[in-house]
Structures are given as C-alpha cells and as structure tokens.
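Chain identifiers are assigned alphabetically (A, B, ...) following the order of the sequence lines, protein sequences preceding nucleic acid strands; residue numbering begins at 1 within each chain. Nothing here was measured: the structure is a model prediction, and the numbers come from that model. In what follows, every heavy atom counts, from backbone to side chain, and hydrogens, waters and symmetry copies are set aside.
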Amino acid sequence: MASSDTPDRPAPTSSPDQASSDSRSTASTLEAARREKLAKLEELGIDPWGQRFDDVQSMAELRAQAAGMDPADQEGPTVRVAGRILLLRNAGRLVFLTLADRSGRIQVMLGKKQVGPEVWPIVGCLDLGDIVGVEGRLGHSNSGEITVFASSLTFLTKSIETPPDKYHGLVDADLRQRMRYLDLIHGEGVLERFVARTRIVDAVRRVLNERRYLEIEGPTLHTIAGGAAARPFATHHNALDMPIVMRIALELHLKRLLVGGMERVYELGRVYRNEGISPRHNPEFTMLEAYEAYGNYETMMDLTEAIIVAAAQAAGTPEQHEWMGKKVSLTAPFRRARYDELLAEVTGCDPTDVASVAAAASARGIDTAGRHPDVIKSELFEATVEETLINPTFVIDYPAAVCPLTKRKRNQPEIAERFELYVCGMELANAYTELNDPDLQEELFRTQLAGLDDDESMARMDNDFIKALRHGMPPAGGLGIGIDRLVMLLTGASSIRDIILFPIHRPQAE
RNA sequence: GGGGCCGUAGCUCAGCGGUAGAGCAAGGGACUUUUAAUCCUUUGGUCCAGGGUUCGAAUCCCUGCGGCCCCA
C-alpha cells in the first residue's frame, strides 16, 4: 500500500533524539520539536517566515457565503483564507485545521490525495499556532461544518513557542496582560472587546467632528501639573536643565486655545497620574476633554448624552444594559439632580448648614477637624451618595470651594456650575461652565483649602495660563470624559486592565 | 495603608506532613469527514525564593517577591 515516495504519515522523518537529549525542561523539548519542523520546511524549500499572500477573504465573509449553500455540496466556490492554526485534528491521510483570523474561525480540510505530493509534506510540519494560507473550495463537511477543502497550502509563519491550553486558553490574569497577544488570540471575547474600544473612540470623535469641534494635540510634557488634583510623574529635561512633569489633565492648554479663537476644541489623549493602581485606576489612561465657546455646563450635558449614546451604539451595547450586576438604562436624557438635594436625600443632613454636614460626616468616620466645610461635604458625598447613583445621573451644582476652575452661579457665589455624571456609582464625566475671570482664577490658584494635601488640590499657580485668560477667554462649557471607564461600562468589563491593551506591570523577574 | 485568597510540567488544574499527579500540548504508532477528534504508547517538575519547625515539608510557620480581590 505505502508504495508512494511520500510517507503516509504527515510527519517529519528526522529523529528527535539529539534534540531532546540535552533538554532539561518541557519548554526546551517543545521548542526543539518545533524547530525541527522549521528545519524540515527549509529542507523542503519552504520559507518558514512566509511572503505576501493576497486576495484573502475573511472567515466571517466565508461563513456568510456558506450560509446560502447546499450543505451537501463540497464543491462550492474557490476561496482563499489566511490565519492562525488554533486546532489541528489528524486523521491519518486527512488533517483538519481550525484557522482563525480577526473576524472568526473556519475549518480547513487537508487531504493527502487532495493537496498532492508537493504539499503533503508541509502538512506534517504544521503545529498549533502556525500561520498558513489556504486555497480551496468552500463547502460543508460530512458533519455539516463549514469547511475549506484545501487544494493548496501556503506556509506563512512558524510559531516557535507553545500556545496555551487549546480549550482553556490563558487564565492567569498576569500572563494574559503580559502576553496580551495570546490573550487576544485565545481569550473569549477579548479581541471583540478591544475592537469595541476602537469603535467607541471612533464614535466619540465622530460626534465631536460633526459638531465642528477641532481635534488638537496638546503637550504631554508640562512644567506645571495643572487642571486636576493628582500627583504627577516627574522627570527632567536635560538640554533645558529643568524639571518636567507628565500632564495630569488636558484642560489648561485647551482653554488657551479658546482664547486663541479655536472656539470648539477637543483632545482625546493620554494623561498620567502617579497614584494607586486598582480595578478602576491605571497610571496612564485616556481622557476626552472638549471645550465649546459660548456654551455652558448645560451645553455639555447635551454633548455628554450624545457621546454616550453614540458610543453605546458603536459598541453594540443595548440601551438596557447590565454592568457589574447592576441594571443600567442608557436612554437619554439622563436624570439631572442637584448636589445638595442628593446629599440631603441620602444622608438626611441639611447641606446648607455647615454643622449639620460636619455631624453627618463625623458619624461616618470622616475626619472633620480643621478642614474646609466644602472639603468635608465632598468627602461625605463621595462616601454616601456616589454608590447610590446607578442609572446615569448628572449631579449638578457643586460646592464652589472644591471647584477652582469653574464659574460660580451668578447670584450664588458658593455654588459652582459643575456637573459630574455618575453611572453605577462610578464617575464617568466631569464638566464646568468654565471660569474665565482671570482675577478670580488667580485668586483661586492661590487658595489652598484647609485640610487638603498638595496632591489633592487643583490649586497650582500657572501664571502663563492666567496671562492667557487676561487676554479674554470667551464664556464656555468644558467637558471631560474618562474614556477607559466609558469603555468598561459599555463592554461590561469589571477591571480597567481588561480594556487597556498593555496595563502597567512590574517587569517579570528573570 | 489594613485584611483575605493565590503561586505545582509549556498551558489548565489536583495533591495540603510520608518524598510528584491528571488533562491538554509535545515525541512514536493507527485512522480520508474530524471539530476540545479518538485509540495505544513515551517523555516532561529548582512544587515562586529564602529561612524555620519536623525523623521527614509542595503541604505547617516566618520573611520576601509576584498576582488577584475587598476595605480605607
């Protein structure tokens, strides 16, 4: 029977003896087996690192195409696919591959007779994780599986490393993040989640661009870490011999552009905060900040709703959504509720009475001694009200003292025209009617509230910014949205590390 | 900062005082319709690191490193 000069077994003929003799670990044995097949490919005159391979159709396209075919027909149209081998089933002179590309998976059948004596030896050199191109007829196998019946096989790339468990994939959270490429290949829904992130960011840009906003790129290296309350990453510029910090917010440069007449500007960019790491915090994360001349914080509420609704659509998130076990309605308009009213509702205190607020705070273990009343109030709010805000809620009209960049209400200087949007107890957006009075801004930069550390304070004197305001910044609304948190909400991720491709990590010990 | 859980083969995990196990992967063999293919067979380990307790430690204790979670 086995009279042909190609072996029935699609296996390399060389012996593995010398390769495994010096190996002390499974890893090196596994690698040796793969390198042997790589050498075998080279012997066959095949480039194990591949070449251009044109005119491929996606797996999703093929599936759609096959859906309209007679399942008995194994002789459909000729198609070309390329992808990574995720599964390999060897049935002697017949080998089934499960190939994956970005759009999905499809089965490929390689028969010894069908591919011919030129190609069959290549089949013996295939390992899980290799990348191949296939041309063949599209159809269904005997068991009904959509299958490309290969007439030719083009080797595209050898994988030297062993892939993770073909069923469980990578489970260890650490490995999944360090080797995100493997997580993307093997993790259930991982690729889809990051594609959704891209779509969300696209949608955010689209909404803003449609409204004639200009996207700009501000500096990431700052001399003053302004625009937010956070500890910056500090570094040093050698040529200028001066300290530099990484930006913690986008705000102050965008406002300079309002002075410059750009009128509607935004930046979608990375900011850096040298603070704790948690399921909701990564040291670098992505912020949207948008500023609209002649608007106010109400303008920004409308914009926020438009952005979130568009982002949800782009991500395929239903309006009745569930996140972290909580039901959320993403239907606009969102609820709007006054800060003081919420505080009174949840804590029972009188928000206009300093003593009442302080008593409520003390009762919950919040330190009140020597601290500014508005600082105590905002801590009480964080500790009590935030977690109750499940459906999207614009919390409006903040205590002015904790809002040094915000315009005060016209006849109520103790109230700032600010809102924060909360969903599932998480702050998603923050917006102001922007303060454009340079004298008041300068004064507020000087005022360090009692009971706040430097890191917790937004009050950092920025004379260059004050100078810009003195030239006249139009009245404006400004908005910040935490893009990572938005993506978490819309993709159902419970950790920021699941929606940042490469979250911060200690280097792996060698 | 405080507390809890975890770290064993390339991957996924079991073992929790008597000296290392399974599945997948890998090597050899059978199979032209499999699909987490199946069947036979073989190989593979500083049990995170260091110290301690013990006749004996992957297992108990301490310290450190790394990870995850909860709280502040």
Side-chain angles (χ1 to χ4, degrees), chain A residues 1-2 7-37 40 71-72 74 85-100 105-115 120 123-130 139-150 159-179 182-183 185-188 275-280 324 364-367 379 382-383 387 494-498 503-510:
Chain A
M1 277 296 286
D8 271 3
R9 286 280 320 147
T13 47
S14 50
S15 152
D17 290 345
Q18 70 277 38
S20 53
S21 63
D22 65 330
S23 61
R24 298 168 310 275
S25 71
T26 319
S28 57
T29 307
L30 296 177
E31 179 178 335
R34 283 167 179 264
R35 287 200 179 274
E36 211 177 298
K37 290 176 187 171
K40 176 69 176 175
Q74 299 199 344
I85 300 173
L86 292 191
L87 299 171
L88 189 154
R89 297 173 288 282
N90 188 336
R93 277 160 285 181
L94 207 53
V95 169
F96 292 89
L97 307 178
T98 300
L99 274 197
R105 301 178 175 191
I106 210 153
Q107 173 170 273
V108 169
M109 193 192 88
L110 299 157
K112 185 187 178 196
K113 203 171 82 186
Q114 290 85 337
V115 299
W120 190 241
V123 176
C125 298
L126 298 180
D127 281 308
L128 295 180
D130 291 352
H140 294 77
S141 71
N142 287 356
S143 54
E145 178 75 20
I146 295 168
T147 301
V148 177
F149 296 91
S159 170
I160 295 302
E161 290 280 346
T162 310
D165 189 292
K166 68 187 179 186
Y167 184 61
H168 301 93
L170 276 191
V171 171
D172 185 82
D174 192 38
L175 290 180
R176 286 180 50 205
Q177 288 155 24
R178 287 185 199 280
M179 296 194 279
L182 291 182
D183 193 34
I185 296 164
H186 297 97
E188 180 87 30
E275 297 185 337
I277 294 166
S278 85
R280 287 184 190 185
M324 311 270 292
R364 286 167 178 81
I366 294 165
D367 183 21
E379 287 208 4
E382 279 178 32
E387 67 197 37
S494 58
S495 170
I496 197 170
R497 302 170 83 74
D498 290 333
I504 188 88
H505 257 280
R506 287 181 197 278
Q508 190 130 45
E510 285 298 326

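- When both pairing distances are held under 3.5 Å, G1(B) makes a Watson-Crick or G-U pair with C71(B).
- Distance alone, capped at 3.5 Å, is enough to place a donor-acceptor pair between the R497(A) side chain and the I504(A) backbone.
- The P atoms of U46(B) and A9(B) are separated by 8 Å, rounded to the nearest whole Å.
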Check against side chain to side chain contact (heavy atoms under 4.5 Å, CB included), V95(A) and L97(A): CA-CA 7 Å; V95(A) 169; L97(A) 307 178; 4.0 Å; yes

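- Distance H186(A) NE2 to G10(B) P: 17 Å, rounded to the nearest Å.
- Taking CG of L99(A) as the reference point, atom CG of L88(A) lies at 9.5 Å (rounded to 0.5 Å).
- As judged by a 4.0 angstrom heavy-atom cut-off over every strand, G169(A) is placed among residues touching the sugar-phosphate backbone only.
- When distances run from any side-chain atom of A173(A) to the nucleotides U34(B), U12(B), C68(B), the shortest one goes to C68(B).
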From CA spacing to verdict: side chain to side chain contact (heavy atoms under 4.5 Å, CB included), D165(A), H186(A): CA-CA 9 Å; D165(A) 189 292; H186(A) 297 97; over 6 Å; no

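- For D498(A) and C68(B), the CG to P distance is 10 Å, given to the nearest whole Å.
- Listed pair K113(A) / U32(B) fails the phosphate criterion, with no side-chain N or O lying under 4.0 Å from OP1 or OP2.
- Across all strands shown, nothing is found opposite G17(B) as a Watson-Crick or G-U wobble partner with both distances under 3.5 Å.
- Counting distance only, with no hydrogens placed and no angle test, the side-chain atoms of D172(A) and the base atoms of G67(B) include no donor-acceptor pair under 3.5 Å.
- When distances are taken from the side chain of L94(A) to each of A25(B), G23(B), U32(B), the shortest belongs to U32(B).
- Comparing U12(B), G67(B), C31(B) by their nearest atom to the side chain of H168(A) picks out U12(B).
- Distance check on atom C1': A72(B) versus C11(B) gives 37 Å, rounded to whole Å.
- For Q114(A), whose side chain is taken as the heavy atoms from C-beta onward, the closest listed nucleotide among U32(B), C68(B), G10(B) is U32(B).
- The residue L30(A) sits close to a base: some heavy atom pair falls under 4.0 Å.
- Nucleotides G1(B) and G64(B) place their P atoms 12 Å apart, quoted to the nearest Å.
- Rounded to whole Å, the C1' atom of G10(B) lies 30 Å from the corresponding atom of G18(B).
- One P atom belongs to G66(B), the other to U43(B), and the distance between them is 38 Å to the nearest Å.
- Comparing atom distances between the E145(A) side chain and each of U33(B), U34(B), A25(B) picks out U34(B) as nearest.
- Which of U34(B), C31(B), A26(B) sits closest to the side chain of F96(A) comes down to U34(B).
- Rounded to whole Å, atom P of C6(B) lies 18 Å from atom CG of L175(A).
- Nucleotide G66(B) forms a Watson-Crick or G-U wobble pair with C6(B), both donor-acceptor distances falling under 3.5 Å.
- Out of A26(B), C31(B), A36(B), the shortest distance to the side chain of A33(A) is found at A26(B).
- With rounding to whole Å, L128(A) atom CG is found 11 Å from A36(B) atom C1'.
- Using a 4.0 Å cut-off, some side-chain N or O of R497(A) falls inside it from OP1 or OP2 of C68(B).
- T147(A) places no side-chain N or O within donor-acceptor distance of the main-chain N or O of F149(A), the cut-off being under 3.5 Å.
- Remark: U38(B) base-pairs with A30(B). Criterion, Watson-Crick or G-U wobble with two distances under 3.5 Å.
- Rounded to whole angstrom, the span from the CZ atom of R364(A) across to the P atom of C71(B) amounts to 17 Å.
- A straight line from CG of D174(A) to P of U12(B) spans 11 Å, rounded to a whole angstrom.
- Along RNA chain B, the nucleotide nearest to Y167(A) and the one nearest to G111(A) differ in position, and the one closer to the 5' end is contacted by G111(A).
- I146(A) is listed as a side-chain neighbour of I106(A), based on a closest heavy-atom distance under 4.5 Å.
- Along RNA chain B, the nucleotide nearest to L88(A) and the one nearest to D127(A) differ in position, and the one closer to the 5' end is contacted by D127(A).
- Here, A57(B) and C48(B) have their P atoms 15 Å apart, quoted to the whole Å.
- To the nearest whole angstrom, the two C1' atoms, one in G45(B) and one in A25(B), are 16 Å apart.
- Residue-level contact check: Q74(A) touches the bases, meaning some heavy atom is under 4.0 Å from a base atom.
- For R89(A), counting side-chain heavy atoms from C-beta on, the closest listed nucleotide (U34(B), U33(B), A26(B)) is U34(B).
- The C1' atoms of G52(B) and A14(B) are separated by 28 Å, rounded to the nearest whole Å.
- Following rounding to the nearest Å, E31(A) (CD) and A9(B) (P) show an atom-to-atom distance of 18 Å.
- When atom types are taken as modelled, the side chain of Q107(A) and the backbone of T98(A) share no donor-acceptor pair closer than 3.5 angstrom.
- Of the listed nucleotides (U12(B), G66(B), U34(B)), G66(B) has the atom at the smallest distance from the side chain of R178(A).
- Across all strands shown, R176(A) has no heavy atoms under 4.0 Å from either base or sugar-phosphate atoms.
- Atom P of nucleotide G27(B) and atom CZ of R35(A) are separated by 15 Å, given to the nearest angstrom.
- Between the side chain of R34(A) and the main chain of S159(A), a donor-acceptor pair closer than 3.5 Å is present.
- Here the nucleotide nearest the side chain of K37(A), chosen from G27(B), C13(B), G67(B), is G27(B).
- Residue contacts for P279(A): at a heavy-atom cut-off of 4.0 Å it reaches the sugar-phosphate backbone alone, with no base atom in range.
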